[in-house]
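Read the structure below first, then the notes.
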Amino acid sequence: MSSGGADKPGSGGGAVKTPSDFLKSIRGRPVVVKLNSGVDYRGILACLDGYMNIAMEQTEEYVNGQLKNKYGDAFIRGNNVLYISTTKRTLADGA
Amino acid sequence: MAGRKETALDLAKFVDKGVQVKLTGGRQVTGTLKGYDQLLNLVLDEAVEYEREQDDPLKLSGKTRQLGLIVCRGTAVMLVSPTDGTDEIANPFLAEGA
């Protein structure tokens, strides 16, 4: 399996990438989630819903850059989420 | 405001198990999850609140408060995590060398 990014078949030249496409493409990937409180959570994104509720695995909690906690599983309520970030470019490649 | 009815995590599998809950503002509570709803209101039994340092709200003081049976209001819930050791499964995505 090469290029784990979202390999879509050519469906219309003007295919628009929406935030929803981004969120689908990062499932299963390592992500950084920042909350409004400034705390970062790093882990594997397991699941994501329309409220931006997040389920993560192998989660690490960083406060001011320092590792504070580890959670095997973690569920984050979506209203707290400031942003979700991934280290890999999945949609913008070749755009 | 219509939303999807699916949830990101089915809390049913945590019922009658120990969970750790972080709340907005920094409070942290552990207890046995007895019930929940779609808004993430939680009912915890034998709940223990871990109090924070007076001057540093990000640091736990080690002192605890026994709360018994409590309701955590869903809007204040930031994070829910099981307290028991989690089921370790091999993650196929780690092979990407992230």
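Just so we're on the same page: letters track the sequence lines, and every chain starts at 1. The basis for the numbers below is simple: all heavy atoms, side chains too, and nothing from hydrogens, waters or symmetry mates. Keep in mind the model is a prediction, meaning the values are calculated, not measured.
For the pair Lys22(B)/Asn69(A), a side-chain contact is recorded, criterion being any heavy-atom separation below 4.5 Å from C-beta on. Side-chain contact between Asn79(A) and Thr75(B) is absent, with no heavy-atom pair separated by less than 4.5 Å. The shortest side-chain heavy-atom distance between Met78(B) and Ile76(A) does not fall under the 4.5 Å cut-off.
Both Phe22(A) and Met56(A) are assigned to one and the same hydrophobic cluster, defined by single-linkage of ILVMFWY side chains at heavy-atom distances under 4.5 Å. Two different hydrophobic clusters hold Val43(B) and Val29(B) under the rule that ILVMFWY side chains link at heavy-atom gaps under 4.5 Å. Both Val63(A) and Leu79(B) belong to a common hydrophobic cluster when Ile, Leu, Val, Met, Phe, Trp and Tyr are linked at side-chain heavy-atom distances under 4.5 angstrom. Tyr71(A) and Val32(A) are members of different hydrophobic clusters when ILVMFWY side chains are connected at heavy-atom separations under 4.5 Å. Neither Val19(B) nor Val71(B) shares a network with the other; the hydrophobic side chains, linked directly or stepwise wherever heavy atoms of I, L, V, M, F, W or Y lie under 4.5 Å apart, form separate groups for each.
In this structure, the side chain to side chain contact (heavy atoms under 4.5 Å, CB included) partners of Arg27(B), at least two apart in sequence or on a different chain, are Leu23(B), Glu49(B), Arg52(B), Arg65(B).
Top candidate by heavy-atom pairs under 4.5 Å with chain A, chosen from Thr24(B), Val21(B), Val77(B), is Val77(B).
Atom-to-atom distance recorded for Leu40(B):CG and Phe75(A):CZ is 4.5 Å, nearest 0.5 angstrom.
Using modelled atom types, one side-chain atom of Arg77(A) and one backbone atom of Leu39(B) make a donor-acceptor pair closer than 3.5 Å.
Here the shortest heavy-atom pairing between Asp73(A) and Ser81(B) reads O-OG, 2.6 Å.
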